Amino acid sequence: GYGDFRRPDAFASGDKMIDKLLVIGAYAVPVIVLLLICFWKQEKNKLIFQTELVYLIFLSLAFLSVGSFSSVLIYRLPIMEESNKYFNLFSPRSHCPSCKKSISIFYLIPIISYLLQHGKCKTCKNKISILYLFNEISHLVFGLLLFHYLGFSLVFILSFLMFSIFYVLLVLDLKYFYLPFSLNILIAIIGLFSNSIFGLFIPTSEYGIFTSPFMYSVVGLILGFFSLWIINFIHKIIRRKEGIGGGDFILFAGIGSVA
C-alpha cells in the first residue's frame with residue numbers, strides 16, 4: 001500500500017496531465033492482472049488458482065491493496081489539483097508529518113500495520129486517521145461479496161473497479177466537494193468499453209431503437225451529461241450563479257455510459 005497521512009511541504013512544479021494519466025494507469029494495472037488470471041483460469045483448469053482457498057487469499061490481498069491505494073487517491077488528488085508544487089501519487093515517500101520519519105514497507109501493509117501500531121505512528125505516537133483502516137476493510141468486504149455473487153468473471157472485475165472509483169469519489173465529494181476529472185472519465189471509459197465489446201451491463205433485449213450496445217452507451221453518456229447541464233443552466237438563469245459543479249456533469253455522463 002501507498003497510504004500516507006501527511007501534507008507535503010515544498011516540491012517542484014509537476015505536470016497535471018501526467019498525474020491524471022497515472023491515476024488511470026494505476027487502476028488499470030490490477031485490472032489487467034485480474035483479467036489475465038481470469039483467462040488463465042479458463043485455459044488452465046487444473047492449475048492451483050482453481051482452488052477456492054487460493055482464490056480467496058489472492059483476491060483478499062488484491063482487495064486490500066486497492067483499498068490502500070484508494071487512501072492515496074483520497075489524500076493526494078486534492079493536493080495535486082490545488083498545488084503548483086511537485087506532488088504525485090507515488091512521490092514523495094510516505095512519512096509521519098510530526099517526526100518526519102519515513103514509513104517502512106512493513107508498516108504499509110493493509111490492516112495489519114494499523115493494528116500493530118495501535119493507530120499511532122511508531123516513532124512519535126501521533127494518531128493515524130482511522131479512515132485508512134475503513135477504506136481497506138470496505139474494499140475487502142465489498143470485494144468478497146461481489147466474488148460470492150458474481151464469481152471470478154469480467155463483470156466481477158469491472159464491478160469491483162467501479163465500486164472503488166465511486167467510493168473514492170464519494171469520500172472526496174463529502175470532504176472537499178471535489179470530483180476529479182480523471183476518475184469521472186475513467187467511469188465513462190469502463191462503460192463504453194464493457195458494453196461495446198462485451199455487452200456486460202446492457203442486455204441485448206434492451207437495445208431498443210439503438211443498433212448496438214456502443215450506441216446505447218454513447219446515448220446514455222450524452223443524456224447523463226446534459227440531464228445535469230440543463231438543470232444547472234436553468235438555475236444559472238434564475239439565480240445568476242452556478243448551481244452544480246462541472247465534475248457532476250462528467251460523473252453522470254459516466255454513469256449513463258454504464259447503464
Side-chain angles (χ1 to χ4, degrees), residues 17 19-32 34-35 38-39 66 69-70 73-74 77 81 138-139 142-143 145-147 149-174 176-238 242-259:
M17 180 56 67
D19 290 334
K20 291 175 181 178
L21 292 175
L22 280 173
V23 174
I24 297 175
Y27 265 109
V29 170
V31 172
I32 292 173
L34 288 173
L35 282 171
C38 181
F39 294 129
V66 176
F69 183 69
S70 73
L73 297 178
I74 291 168
L77 285 179
E81 179 68 22
S138 298
H139 278 73
F142 194 83
L145 286 174
L146 279 177
F147 177 69
Y149 287 108
L150 300 177
F152 198 83
S153 61
L154 186 59
V155 176
F156 155 71
I157 295 171
L158 294 178
S159 296
F160 178 73
L161 175 62
M162 285 194 295
F163 160 76
S164 182
I165 295 172
F166 280 120
Y167 180 91
V168 172
L169 288 172
L170 173 63
V171 176
L172 287 175
D173 200 19
L174 288 174
Y176 307 108
F177 299 103
Y178 172 52
L179 296 173
F181 173 82
S182 53
L183 295 184
N184 285 334
I185 203 66
L186 186 54
I187 296 173
I189 292 173
I190 292 172
L192 293 172
F193 168 78
S194 59
N195 288 323
S196 301
I197 300 178
F198 301 102
L200 290 182
F201 301 106
I202 304 176
T204 305
S205 59
E206 295 186 6
Y207 290 170
I209 62 173
F210 307 110
T211 57
S212 68
F214 174 75
M215 287 302 300
Y216 196 105
S217 283
V218 170
V219 172
L221 185 148
I222 294 172
L223 291 176
F225 182 91
F226 281 101
S227 63
L228 281 188
W229 186 90
I230 292 173
I231 294 174
N232 184 64
F233 180 74
I234 295 173
H235 182 276
K236 190 173 181 179
I237 292 176
I238 298 173
E242 302 285 348
I244 302 175
D248 295 290
F249 305 152
I250 303 174
L251 174 60
F252 267 56
I255 294 173
S257 71
V258 174

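These numbers come from the heavy atoms of this one structure, side chains and all, not from hydrogens, waters or symmetry mates. None of the values given here were measured: they were computed from a predicted structure.
Nearest heavy-atom pair, Ser257 versus Ser217, reported as atom, atom and distance to 0.1 Å: O-OG, 2.8 Å. The two atoms that bring Ile185 and Ile250 nearest to each other are N-CG2, 4.2 Å, heavy atoms only.
The CD1 atom of Ile190 sits 11.5 Å away from atom CD1 of Ile157, with the distance rounded to the nearest 0.5 Å. Between atom CG of residue Leu158 and atom CG of residue Leu146 there is a gap of 11.0 Å, rounded to the nearest 0.5 Å. The CD1 atom of Ile74 sits 12.5 Å away from atom OH of Tyr178, with the distance rounded to the nearest 0.5 Å. To the nearest 0.5 Å, atom CZ of residue Phe181 and atom CG of residue Leu251 are 12.5 Å apart. Distance check, rounded to the nearest 0.5 Å: CD1 of Ile189 to OG of Ser182 gives 10.0 Å. Here CG of Leu183 is found 6.0 Å from CG of Leu73. Values are rounded to the nearest 0.5 Å.
Ile187 has its side chain within reach of Leu169: a pair of non-hydrogen atoms, C-beta onward, lies under 4.5 Å apart.
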- Message: Could you walk me through whether Leu77 and Tyr176 satisfy the side chain to side chain contact (heavy atoms under 4.5 Å, CB included) test, starting with their C-alpha distance in whole Å, then the side-chain angles of each, then the deciding distance to 0.1 Å, before giving a yes or no?
- Response: CA-CA 11 Å; Leu77 285 179; Tyr176 307 108; over 6 Å; no
- Could you go step by step and tell me if Leu150 and Ser159 meet the side chain to side chain contact (heavy atoms under 4.5 Å, CB included) rule? CA-CA 9 Å; Leu150 300 177; Ser159 296; 4.0 Å; yes
- Determine, step by step, whether Asn184 and Ile165 satisfy the side chain to side chain contact (heavy atoms under 4.5 Å, CB included) criterion, reporting the C-alpha distance in whole Å, the side-chain angles of both residues, the deciding distance to 0.1 Å, and the verdict. CA-CA 8 Å; Asn184 285 334; Ile165 295 172; over 6 Å; no
- Item | side chain to side chain contact (heavy atoms under 4.5 Å, CB included) evaluation trace for Leu179 with Leu172 | CA-CA 7 Å; Leu179 296 173; Leu172 287 175; 5.7 Å; no
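Ring planes of Phe163 and Phe142: parallel class, angle under 30° (limits at 30 and 60°).
Scored by the side chain to side chain contact (heavy atoms under 4.5 Å, CB included) test, Ser138 finds Phe134, Tyr167 as partners (sequence neighbours excluded). Partners of Phe252 by ring-ring contact (aromatic ring centres under 6.0 Å, His included), not counting sequence neighbours: none found.
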Check: residues 221-228 side-chain donor-acceptor pairs under 3.5 Å, at least two apart:
from   : atom 1 : to     : atom 2 : distance (Å)
Ser227 : OG     : Leu223 : O      : 3.3
Ser227 : OG     : Gly224 : O      : 2.8

